[in-house]
A.B. asks: 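Sending over a structure as structure tokens; questions will come in a sec.
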Amino acid sequence: EGQLVESGGGLVQPGGSLRLSCVASDFSFSSYAMNWVRQAPGKGLEWISAIDKCGRSTSYSDSVKGRFTVARDNAQDTVTLQMNDLKPEDTAVYYCGSTEQFPLDAPPMSDYAYWGQGTQVTVST
């Protein structure tokens, strides 16, 4: 069964940067668009970014556009999220998930084939 494992979370000061990584295994990584979704404490899931199967197209929510950059390396079965100019409101558990189609906005939950376990990002002084 397919697996996704996120890493790279941690504690960072406002204005700082982190790079999250999500490594896939046991499924055809290049056959899927990849998404990043986050959940802030006490809040619902918020889709924030996606990248198409070959890495040619990306999409972002307004909340992260211009600050976050998604990329992928299909040779390494890895998708990354470079997060710059982090703000306290970015504090959340960050998840990666795969979808068959590349979304320009939040896809329905039913579109996700695989999910990672999440990695915690805390932005605080």
A.B. asks: Would a distance-only check, ignoring hydrogens and angles, find a side-chain to backbone donor-acceptor pair under 3.5 Å from Ser59 to Ser49?
C.D. replies: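 The answer is no, because no donor-acceptor pair under 3.5 Å joins these two groups.
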
A.B. asks: Rounded to the nearest 0.5 Å, how far apart are CZ of Phe27 and CG of Leu4?
C.D. replies: 4.5 Å

A.B. asks: Just to verify, which of Val70, Thr69, Val64 counts as forming a side chain to side chain contact (heavy atoms under 4.5 Å, CB included) with Leu81?
C.D. replies: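 Only one of Val70, Thr69, Val64 forms a side chain to side chain contact (heavy atoms under 4.5 Å, CB included) with Leu81, namely Val70.
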
A.B. asks: Taking side chain as C-beta onward, heavy atoms only, is Arg38 less than 4.5 Å from Ser63?
C.D. replies: yes

A.B. asks: For the residue pair Ser124 and Thr122, confirm or rule out a side-chain donor-acceptor distance under 3.5 Å.
C.D. replies: no

A.B. asks: Is it true that Val93 and Val12 fall in one hydrophobic cluster, defined by side-chain heavy atoms closer than 4.5 Å?
C.D. replies: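 As far as the 4.5 Å side-chain criterion goes, Val12 and Val93 are not connected within one cluster.
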
A.B. asks: To the nearest 0.5 angstrom, please state how far the CZ atom of Phe29 sits from the NZ atom of Lys53.
C.D. replies: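 Spacing of CZ (Phe29) from NZ (Lys53) equals 12.5 Å.
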
A.B. asks: If every non-hydrogen atom of Gln39 is compared with every non-hydrogen atom of Lys43, which pair is closest and at what distance?
C.D. replies: NE2-O, 2.9 Å

A.B. asks: Quick check for you: to the nearest 0.5 Å, what is the distance between Glu6 atom CD and Leu20 atom CG?
C.D. replies: 8.5 Å

A.B. asks: Does Gly97 offer a backbone N or O that forms a donor-acceptor pair with the side chain of Asn35 under 3.5 Å?
C.D. replies: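 Checked: pair present.
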
A.B. asks: Kindly work out whether a path of hydrophobic side-chain contacts (I/L/V/M/F/W/Y, heavy atoms less than 4.5 Å apart) joins Trp47 to Tyr94.
C.D. replies: no

A.B. asks: Taking C-beta and beyond as the side chain, do Asn84 and Ser17 meet within less than 4.5 Å on heavy atoms?
C.D. replies: yes

A.B. asks: Are Asp62 and Lys65 close enough for a salt bridge, meaning some N to O gap below 4.0 Å?
C.D. replies: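 Salt bridge flag = yes for Lys65 with Asp62.
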
A.B. asks: Looking at Gln117, I want to see if its CD is surrounded by more than 12 non-hydrogen atoms of other residues, nucleotides or ligands under 6.0 Å.
C.D. replies: yes

A.B. asks: Within the side chain of Thr91, is there an N or O that forms a donor-acceptor pair under 3.5 Å with the backbone of Val123?
C.D. replies: yes

A.B. asks: If hydrophobic clusters are built from ILVMFWY residues whose side chains come within less than 4.5 Å, do Phe68 and Leu18 share one?
C.D. replies: yes

A.B. asks: Determine whether Ser98 and Met34 make a side-chain contact, defined as any pair of heavy atoms from C-beta on separated by less than 4.5 Å.
C.D. replies: yes

A.B. asks: Could you grab the distance from atom CE of Met83 to atom CD1 of Ile48, nearest 0.5 Å is fine?
C.D. replies: 7.5 Å

A.B. asks: If you round to the nearest 0.5 Å, how far is OH of Tyr32 from CG of Asp111?
C.D. replies: 11.5 Å

A.B. asks: Which value, rounded to the nearest 0.5 Å, describes the distance between Ser25 atom OG and Glu1 atom CD?
C.D. replies: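 Spacing of OG (Ser25) from CD (Glu1) equals 10.5 Å.
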
A.B. asks: Count the heavy atoms of every other residue, nucleotide or ligand shown that sit under 6.0 Å from CD of Gln101, and state whether that count exceeds 12.
C.D. replies: no

A.B. asks: If the plane angle is over 60° it's perpendicular, under 30° parallel, otherwise tilted; pick one for Tyr95 and Trp115.
C.D. replies: perpendicular

A.B. asks: Indicate the atoms forming the closest heavy-atom contact of Pro107 with Thr99, along with that distance.
C.D. replies: CG-CG2, 4.3 Å

A.B. asks: Would a 4.5 Å heavy-atom cut-off, applied to side chains only, mark Trp36 and Thr80 as touching?
C.D. replies: no

A.B. asks: Given side chains that start at C-beta, do those of Tyr112 and Val37 come closer than 4.5 Å, heavy atoms only?
C.D. replies: yes

A.B. asks: Do Arg72 and Asn74 make a side-chain contact, defined as non-hydrogen atoms from C-beta onward lying under 4.5 Å apart?
C.D. replies: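 When only atoms from C-beta onward are counted, Asn74 and Arg72 do touch, with a gap below 4.5 Å.
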
A.B. asks: Grab the two heavy atoms, one from Gly9 and one from Val121, that are nearest each other, plus how far apart they are.
C.D. replies: CA-CG2, 4.1 Å

